[in-house]
Number of protein chains: 2
Amino acid sequence: MQRPTIKTIAQETGLSIATVSKALKHSPQVRPETRAIVVAAAERVGYELNMHGVQLRTGKTYQVAAIMTAPGPKQKEWEGVEYAQLLSGISWALEESPYRVSLYAVRSFEESVAVIRQIVSLKKADGIIVSGTRADDPRVRLMQEADFPFVTYGTTIHNDPHAFVDADNEQMIRHSVARLAERGHRRIALVNPQPELSYSITRLDAYRRALEVAGLPFDPALVSHGRLTPAFGRESVLAMSDFTDPPTAYICANEASALGAFSGFHARGLVHGRDAVINATDDLNVSQYFAPPITTYFLPIHEPSELLGSYILRRMEGEPPEALQALIMPKLIERSDDRVTPKA
Amino acid sequence: MQRPTIKTIAQETGLSIATVSKALKHSPQVRPETRAIVVAAAERVGYELNMHGVQLRTGKTYQVAAIMTAPGPKQKEWEGVEYAQLLSGISWALEESPYRVSLYAVRSFEESVAVIRQIVSLKKADGIIVSGTRADDPRVRLMQEADFPFVTYGTTIHNDPHAFVDADNEQMIRHSVARLAERGHRRIALVNPQPELSYSITRLDAYRRALEVAGLPFDPALVSHGRLTPAFGRESVLAMSDFTDPPTAYICANEASALGAFSGFHARGLVHGRDAVINATDDLNVSQYFAPPITTYFLPIHEPSELLGSYILRRMEGEPPEALQALIMPKLIERSDDRVTPKA
DNA sequence: TATCAAAATAAAAACGTTTAACACGATTTG
DNA sequence: CAAATCGTGTTAAACGTTTTTATTTTGATA
C-alpha cells in the first residue's frame with residue numbers, strides 16, 4: 001500500500017487534485033460542502049501532507065537552524081552544557097508548528113559565520129537562531145542584508161535593531177555589585193566571559209558604573225575574561241587570591257565558572273563566607289547543591305529558550321523585529337548572607 | 001538571478017539534464033571528458049544541488065532524527081546536560097555527509113514512542129538515534145519491525161541484536177566495587193538510574209556479582225534508584241548516612257548525582273575521605289573541580305557521540321547492525337586514595 | 001428563456017531531481 | 001560479415017504539491 005496523496009483523495013471523491021489541495025488549505029475558493037467531502041475522504045484514507053512536495057513547489061524548508069557553537073571534541077571542559085535545555089525549549093516552542101529544529105554544531109565563531117552565510121544563500125532553512133553575539137556582529141549584518149528571519153540569544157551593541165532574547169545583564173550586575181558593596185565588600189572581582197562577546201561588555205560597563213555609584217575604585221586587575229569553563233573560574237581565583245589586597249567577592253558569569261571558583265578556594269584553603277564569597281548567574285539551578293550553596297541570579301533557561309522559539313516563528317511570519325525583543329531579569333536567590341568578617 | 005539548476009548546466013554545455021545529473025553523481029555511464037565539462041560548468045555557474053528536488057524524487061529525507069528525552073520546562077533540576085555534547089558530536093560526525101541532525105525533544109518515554117512511530121510511518125527521517133534504552137525496549141522493536149535504520153545510545157537486554165553504543169557499565173562497576181573493597185570498604189552504596197533503564201539493571205547485576213566476588217553481603221538498602229539529578233544524589237546520601245551502619249563509599253552514576261552527593265555530605269557534616277568517599281562516572285570531566293576532586297571513570301562524551309553518528313551513517317547504507325556495536329570502557333582517573341580510616 | 005457575472009471546479013504547468021527506456025554509432029563475436 | 005554487445009548519450013516520465021489560467025456550473029436578471 002502506497003502512502004495516500006492528494007491524487008488518492010481526488011480519485012476517491014471524483015474531484016480534481018487542485019480542488020483537493022485548495023480545500024485542505026481552507027481556500028475560500030472552495031464550497032464548504034465540497035471541503036467537508038474532501039476532509040472526510042482525507043480522514044478516511046489517512047492522508048498526511050507530504051512535505052517534500054510542498055518544499056519543492058514553494059521553496060520553503062520548514063526548518064529552523066539552531067547554530068550551536070561548542071568547543072571541539074578535543075576540548076574536555078564543562079562548557080556550553082546549557083545548550084541542551086536551550087535546544088529542547090526551542091524545539092517545544094515549535095512543536096505545534098510545521099517547523100523542525102535543524103542543528104548546526106560549529107567549533108568557532110568564524111565557522112558560524114560561514115555556516116550562516118551558506119544557510120542564507122542556499123536557503124537551507126527558513127529562520128536562524130544564533131547565540132554568542134558580539135558587540136558588532138557580522139552575522140547579524142549578514143542576515144539583515146539578506147532580509148533573512150533570525151533571533152539572537154544575546155544582544156548586540158552596534159547593530160541595527162533585531163529580534164533578540166537575553167538576560168538583563170546590565171540590571172543584574174548593578175544590583176549584584178550594589179548588594180555586595182552594602183555588605184561591606186570593597187574588593188569585588190568580576191569573572192567575565194570572553195571580551196569580544198556583547199554581554200561581556202555590557203557586564204563590564206554595568207560593573208564600572210555600579211562601583212562608581214558605590215564609591216569604590218575600579219581596579220582592572222579584578223576583572224578576568226575567558227571562556228566560561230570551570231578551569232577559567234579556578235584560574236581566576238588562583239590568580240586574584242594571591243594579590244596583596246585580594247577580592248572578598250567573586251561575581252561569576254555562570255555556574256561552570258562558579259564551580260571552578262570553588263575549586264580555586266579549595267586549592268588555596270579559602271573558606272566561603274570567611275575569606276570571600278562567590279555569587280553567580282545560574283541557568284540550571286545547580287548552585288544550590290554547591291557546598292555551601294551560594295547566592296545566584298537565577299534565570300530558568302526554559303524561559304528564554306521558549307521565547308526564542310516563539311519569536312522566530314513570529315519573525316518568519318513577517319512580524320517586525322522591533323516587536324520581538326526581550327530582556328529578562330533573573331531572580332535573586334539568596335542562599336548565603338555573603339558578609340565576610342574583616343580580618344583583624 | 002535565479003539559483004542555477006542542472007537545467008542551467010545543460011544549456012551551458014549543450015548536454016541533456018540527464019547526462020548532467022549522471023555526471024555530477026559519478027555515474028559510469030558518462031565519459032570522463034564529458035564529466036569534466038559538466039563539473040567545470042557547474043563550478044562556473046556556482047551550482048549547488050537542490051535537496052528538495054532529490055528528496056521528492058527519491059523519497060529520502062537526508063535527516064537523522066535525534067530523540068532527546070528531557071524533563072519538561074517545569075523541571076528545574078540539572079539533568080540531561082550531556083545532551084549538548086552528545087548532539088554536537090553526532091552533528092560533527094555527519095558533517096561531511098549530506099545528512100543533518102533534526103531534533104525531536106520529548107518529555108517522556110511514552111512521547112518518545114509516539115514520536116518514533118510517527119517518524120517511521122511517515123518517513124520523516126532516514127535514521128533515528130535514541131537513548132535511554134530499557135531492558136525490553138518497545139521502540140527498538142518498532143524500528144526493527146519496520147526495518148528502519150537506528151542506533152541506540154545504551155544497550156537493551158531482551159531485544160534482538162541492533163546497533164548500539166554504550167559505556168561498558170558491567171566492567172566498570174565490577175572494577176569499581178573490587179577496587180573499593182580492596183581499600184577496605186565493606187558498605188558500598190550504588191546510586192543508580194531509574195530501575196526500568198537497561199543500564200540500571202546491568203549496573204545492579206554487576207554490583208551484586210562483584211560484591212559476591214569480594215565476599216561482601218548484598219544489602220538492598222544500599223541501592224537507590226532515581227532520575228540522575230543532583231537532588232537525587234543528595235537524597236540518597238541523606239537517607240543512607242542515617243543508617244546505623246552507613247556506607248563508606250558511594251558509586252554515583254553520573255556527575256550530577258555525584259555533585260548532589262557532595263551536597264548531602266555537606267548537609268550531614270560528613271567529610272570526604274574521612275567518613276566516606278564518592279566515586280562517579282563522568283562524561284564531562286567536571287568532577288576534577290569538586291572540592292576535593294574525586295575518583296571517576298571518565299568517558300569523554302565525544303567518543304560515543306561521534307560513534308553514534310558514524311554508526312547511523314553506516315546503518316543507513318545498509319551495513320548489518322551486528323557490525324555496529326560498541327561497548328567503551330571508561331578510563332579510571334584516581335584523584336583520591338579513597339581509603340577511609342575506620343572509626344575506633 | 002436567454003444572457004451574463006460570479007462562483008466553483010478542472011486542467012495544466014511548474015518546482016529540481018532521478019531513472020527507466022531508448023537510440024545510435026563503434027566494437028566485439030561467432 | 002552479419003549479429004550481438006558495449007559505451008555514451010537522450011527522451012520522457014515521475015515524485016507531490018501549489019498556483020495560474022481556463023472551463024464549467026450556478027443563480028440572478030432582463
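Convention: sequence-line order gives letters A, B, ...; per-chain numbering from 1.
When the nucleotides D:dT19, D:dG9, C:dT9 are ranked by their closest atom to the side chain of A:L15, C:dT9 comes out on top. For A:N50, counting side-chain heavy atoms from C-beta on, the closest listed nucleotide (D:dT17, C:dT19, C:dG16) is D:dT17. The listed nucleotides are D:dT18, C:dA12, C:dT9; the one nearest the side chain of A:V54 is D:dT18.
Rounding to whole angstrom units, CD of residue B:Q29 and C1' of D:dT8 are separated by 8 Å. For the pair B:H52 NE2 and C:dT17 C1', the computed distance is 12 Å after rounding to whole Å. Following rounding to the nearest Å, B:Y62 (OH) and C:dT17 (C1') show an atom-to-atom distance of 11 Å. C:dT18 atom C1' lies 14 Å from atom CD of B:Q55, rounded to whole Å. The CD-C1' distance, from A:E33 to D:dT26, rounds to 12 Å in whole Å. As a whole-Å value, the separation of A:R31 CZ from D:dT24 C1' is 12 Å. With rounding to whole Å, A:K22 atom NZ is found 10 Å from C:dT9 atom P. We find that CD1 of A:I6 is positioned 13 Å from C1' of C:dA14, with the value rounded to whole Å.
Base engagement by B:I17 is indicated by at least one non-hydrogen atom pair under 4.0 Å involving a base atom.
At a cut-off of 3.5 Å, with distance as the only test, a side-chain donor of B:S16 or B:T19 sits close to an acceptor on the other residue. Side-chain contact of A:D137 with A:T156: a donor-acceptor pair under 3.5 Å is absent, judged by distance alone. The closest side-chain donor-acceptor pair between A:T5 and A:Y47, if any, does not fall under 3.5 angstrom. B:S131 and B:Y83 share a donor-acceptor pair across their side chains, judged by distance under 3.5 Å alone.
Under 4.0 angstrom from either OP1 or OP2 of D:dT17 there lies at least one side-chain N or O belonging to A:Y47. Between A:S21 and D:dT17 there is no side-chain polar atom (N or O) within less than 4.0 angstrom of OP1 or OP2. Checking the phosphate oxygens (OP1, OP2) of D:dT8, no side-chain nitrogen or oxygen of B:T19 falls inside 4.0 Å. Between B:T5 and C:dG16, a side-chain N or O to OP1/OP2 separation shorter than 4.0 Å is absent. A sub-4.0 Å separation between OP1 or OP2 of D:dG16 and a side-chain N or O of A:R57 is absent. Side-chain N/O atoms of B:T58 include none lying less than 4.0 angstrom from OP1 or OP2 on D:dC15.
Contact annotation: side chain of B:K25 to base of C:dT19, donor-acceptor pair absent below 3.5 Å.
Positionally, the nearest nucleotide of DNA chain D for B:V20 lies more toward the 5' end than for the other of B:L56 and B:V20. Each of A:S16 and B:A18 lies near DNA chain C, and the nucleotide nearest A:S16 is the one positioned closer to the 5' end.
When A:I129, A:L87, A:L86, A:V130 are each tested for a side-chain contact (heavy atoms from CB on, under 4.5 Å) with A:M68, only one passes: A:L87.
Side-chain N or O atoms of B:Q144 include none that pairs as donor or acceptor with a backbone N or O of B:P149 at under 3.5 Å.
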